Structure formats: structure tokens, C-alpha cells
Amino acid sequence: MNEPDAIRASDAEREAVVERLRVASVEGRLTLGELTERTEAAYTAVTQAELAVITSDLPGVGQAHAPAYAPAPETRDGRARRWFVAVMGDSKRRGKWRIDQGIGAVAVMGDVLLDLREAEVRTGVVDIVATAVMGDVKIIVPDGVDVDLEGIAIMGDKKVQVLEAPPGANVPLIRVKAYVLMGDVKVIGDSRVKPVKKPWAAWREHWRELHGELTGEPYRRLPPPDSQHRP
């Protein structure tokens with residue numbers, strides 16, 4: 001590694017990159033999964049070169065105009081929420097979608113599945129109210145986010161099964177208020193479900209190479225782009 005690449009990154013520089021990633025998320029440039037992955041890479045980066053790679057495909061400082069996070073719309077009266085309802089049936093939302101308001105999930109003798117990993121999150125907190133009456137609400141998130149689950153469970157369960165970020169890390173927050181009667185509300189991390197296919201990204205390959213040289217971690221070249229999309 002040449003000398004410029006070996007300049008050590010400071011905590012302030014890592015936080016600046018994390019904030020830049022958050023702005024990119026608000027602008028719709030990164031999904032929740034991509035934001036979480038890059039944030040983890042920023043906090044574990046050792047050099048300035050690694051930090052530069054993480055944001056290499058994002059606008060430079062001064063080119064982005066969005067605030068760190070747009071405030072969430074008022075949701076106290078419930079009208080601003082986006083609702084997913086399953087009554088004796090199923091309601092599923094996965095893949096690419098946009099979250100810029102509070103979410104409501106209601107499962108009455110049915111199942112609601114919300115997969116947030118490929119969602120574009122435009123607010124600082126993903127706010128979800130989940131009600132399960134003899135039904136199940138399952139929320140899938142990337143490992144590495146913070147989860148705040150509160151509420152009431154009567155003859156049922158509410159639980160979090162997520163590998164959360166270390167304390168103090170500036171990561172997305174998923175806030176869930178659960179009301180359970182003979183049902184289940186679960187927030188589940190990526191490692192416990194079938195993983196989504198990550199698109200090939202040059203930054204990831206370059207970052208792993210730089211990071212491996214410094215830390216001694218085993219480095220294995222990622223497969224070419226075409227092979228990453230094969231079933």
C-alpha cells in the first residue's frame with residue numbers, strides 16, 4: 001500500500017462519512033440495507049482511503065442539498081400512516097419501496113410481512129405501529145440497525161432477533177409499538193432469513209481489498225457482476 005493510502009482515519013472523519021451516507025439515503029441514493037452496510041464499513045475503516053471508497057459513487061460534499069433526515073410527517077391521528085392490513089389472509093411488502101411516513105400493520109387471523117432491507121428510507125426513524133390479533137406481523141431489517149420495540153402482548157409474543165449496532169453508532173432506528181393478542185410481532189435481522197441479493201458494487205470490492213491489507217483479514221475476490229445475479 002502506498003504512503004497516501006496509509007493515512008489513518010480519525011473518529012471525526014468516520015462520523016462525517018456516516019452523515020454523508022445518511023444524506024444520500026434521504027435523497028433516495030441508498031436503500032436501508034446499503035446504508036447499514038456502508039455505515040458499518042465506515043465505523044470499521046482504518047484509513048482515509050477506505051473512507052473515500054465508501055462514498056466514491058456518491059455526490060461530493062456541497063453537491064447534496066437534503067438535510068441529514070427529513071422529519072417524519074405527523075402521525076398522531078393515524079391519517080399520515082401507510083397501512084398494511086391482513087384479515088384472514090396475507091399482506092406482504094418487500095423489494096424496492098419508499099418509506100417517507102409512518103407505517104401501520106394490522107394482522108387479524110392473518111399475516112403481515114414487511115421487508116425493509118431494500119426500502120428507501122427518507123426519515124430519521126422508521127416508525128411502525130403493529131397490531132396482531134390471532135395473527136402475525138413480521139418485520140425484516142438489516143442487521144446493524146437499532147431496534148426499539150415496545151408495547152403490550154397478551155397471550156402472545158413480541159420479540160427482536162437482530163444483531164444490533166454497537167452502542168453509540170449513528171445508525172438507522174426502527175421504532176415499533178406492538179399490540180398483541182394471541183399473536184406475534186417479530187423484528188428479525190437479515191442473518192435469520194433468506195438474504196437478499198446484493199448488487200455488485202465496485203466500492204465493496206475495493207474497500208475489502210484495502211481493509212484486508214491493513215488488518216490481515218483473509219481477502220477473497222468477489223465474483224464478477226454477472227455471477228452475482230445468477231439464481
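Because the structure is a prediction, the values reported are computed rather than measured. Residue numbers count from 1 along this sequence.
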- Measure across L58 and R20 and return the closest heavy-atom pair with its distance rounded to 0.1 Å. O-NH2, 3.6 Å

- Message: Under 4.5 Å between side-chain heavy atoms, counting indirect links through other Ile/Leu/Val/Met/Phe/Trp/Tyr residues: same cluster for V126 and V171 or not?
- Response: no

- Can you hop from Y179 to V112 via hydrophobic side chains spaced under 4.5 Å? no

- Task: Check whether any side-chain heavy atom of L114 sits under 4.5 Å from a side-chain heavy atom of I140, and report yes or no.
- Result: no

- Message: Please enumerate all residues that pass side-chain contact (heavy atoms from CB on, under 4.5 Å) together with E40, with sequence neighbours excluded.
- Response: none

- Message: How long is the straight-line distance from CD1 of I99 back to CD1 of I103, given to the nearest 0.5 Å?
- Response: 4.0 Å

- Message: My understanding is that only residues two or more places apart in sequence, or in another chain, count here; which of them pass ring-ring contact (aromatic ring centres under 6.0 Å, His included) with Y43?
- Response: none

- Do you know which two heavy atoms are closest between G189 and D143, and how far apart they sit? CA-OD1, 3.3 Å

- Query: Are any of the side-chain heavy atoms of I174 and V141 separated by less than 4.5 Å?
  - Reply: yes

- Query: So do D146 and P172 actually touch side chain to side chain, heavy atoms under 4.5 Å?
  - Reply: no

- Query: At their closest point, which heavy atom of R38 faces which heavy atom of I54, and how far apart are they?
  - Reply: NH1-O, 2.8 Å

- Treat each ILVMFWY residue as a node, draw an edge where side-chain heavy atoms are under 4.5 Å apart, and state whether V129 and V147 are in one component. no

- Message: Starting from W83, can I reach V108 by hopping between I/L/V/M/F/W/Y residues whose side chains sit under 4.5 Å apart?
- Response: yes

- Query: So how far is it from I188 CD1 to K159 NZ, rounded to the nearest 0.5 Å?
  - Reply: 9.0 Å

- Message: Between L35 and V121, is there a side-chain heavy-atom distance shorter than 4.5 Å?
- Response: no

- Pairwise distance CZ(R98) to CD(Q101) - rounded to 0.5 angstrom: 9.5 Å

- Residues which pass side chain to side chain donor-acceptor pair (under 3.5 Å) with S91, listed by chain and number, not counting sequence neighbours: none

- Decide, yes or no, whether a salt bridge links R175 with D148 under the criterion of side-chain N to carboxylate O below 4.0 Å. yes

- Item | Donor-acceptor contact present, side-chain R14 to main-chain A45, <3.5 Å | yes

- Query: Just how far is it from atom CE of M155 to atom CE of M182, taken to the nearest 0.5 Å?
  - Reply: 5.5 Å

- Under a 4.5 Å cut-off applied to non-hydrogen side-chain atoms, are R82 and R93 in contact? yes

- Message: Using a strict threshold of under 4.0 Å (side-chain N to carboxylate O), is an ion pair present between E120 and R29?
- Response: no

- Query: D136: what forms a side chain to side chain donor-acceptor pair (under 3.5 Å) with it, not counting sequence neighbours?
  - Reply: none

- Query: Could you go step by step and tell me if R94 and K92 meet the side chain to side chain contact (heavy atoms under 4.5 Å, CB included) rule?
  - Reply: CA-CA 7 Å; R94 50 163 60 103; K92 299 178 181 180; 3.9 Å; yes

- Query: How about V187 and V176: do any of their side-chain heavy atoms sit closer than 4.5 Å?
  - Reply: yes

- Task: Taking the side chain as every heavy atom from C-beta outward, state whether R8 and V46 have any atom pair closer than 4.5 Å.
- Result: yes

- Task: Decide side chain to side chain contact (heavy atoms under 4.5 Å, CB included) for K158 and K186; before the verdict, give the C-alpha distance in whole Å, the side-chain angles of both, and the deciding distance to 0.1 Å.
- Result: CA-CA 6 Å; K158 57 181 180 68; K186 298 178 181 178; over 6 Å; no

- Enter the distance from E50:CD to E209:CD here, rounded to the nearest 0.5 Å. 11.5 Å

- Query: Looking at side-chain heavy atoms only, is the closest gap between I128 and F84 below 4.5 Å?
  - Reply: no

- Take E118 and V196, measure what side chain to side chain contact (heavy atoms under 4.5 Å, CB included) needs, and give me the verdict at the end. CA-CA 8 Å; E118 295 183 277; V196 294; 3.9 Å; yes

- Item | E34 side-chain N/O to T31 backbone N/O, donor-acceptor pair under 3.5 Å | yes

- Would you name the heavy atoms of A107 and V137 that are closest together and state the gap between them? CB-CG2, 3.9 Å

- Item | From CG (L210) to CD (Q48), nearest 0.5 Å | 12.5 Å

- Note on the structure: Hits for side chain to side chain donor-acceptor pair (under 3.5 Å) against D115, two or more places apart or cross-chain, chain-then-number order -> R117

- Query: Of all heavy-atom pairs between A42 and V18, which one has the smallest distance, and what is that distance?
  - Reply: CB-CG2, 3.9 Å

- Query: Is atom NZ of K138 surrounded by more than 12 heavy atoms (other residues, nucleotides or ligands) closer than 6.0 Å?
  - Reply: no

- Item | V125 and L173: CA distance, side-chain angles, deciding distance, side chain to side chain contact (heavy atoms under 4.5 Å, CB included) verdict | CA-CA 5 Å; V125 177; L173 172 62; 4.0 Å; yes

- Pairing of D127 and R81 as salt bridge, 4.0 angstrom limit: yes

- Between E37 and R204, does at least one N-O distance fall below 4.0 Å, as a salt bridge requires? yes

- Note on the structure: Residue set satisfying side chain to side chain donor-acceptor pair (under 3.5 Å) with S10, at least two apart, ordered chain then number -> E13

- Check T55 against L21 and note the closest heavy-atom contact, atom names and distance. CG2-CD2, 4.1 Å

- Are V193 and L116 connected in a single hydrophobic cluster, I mean Ile/Leu/Val/Met/Phe/Trp/Tyr linked by side-chain heavy atoms less than 4.5 Å apart? no

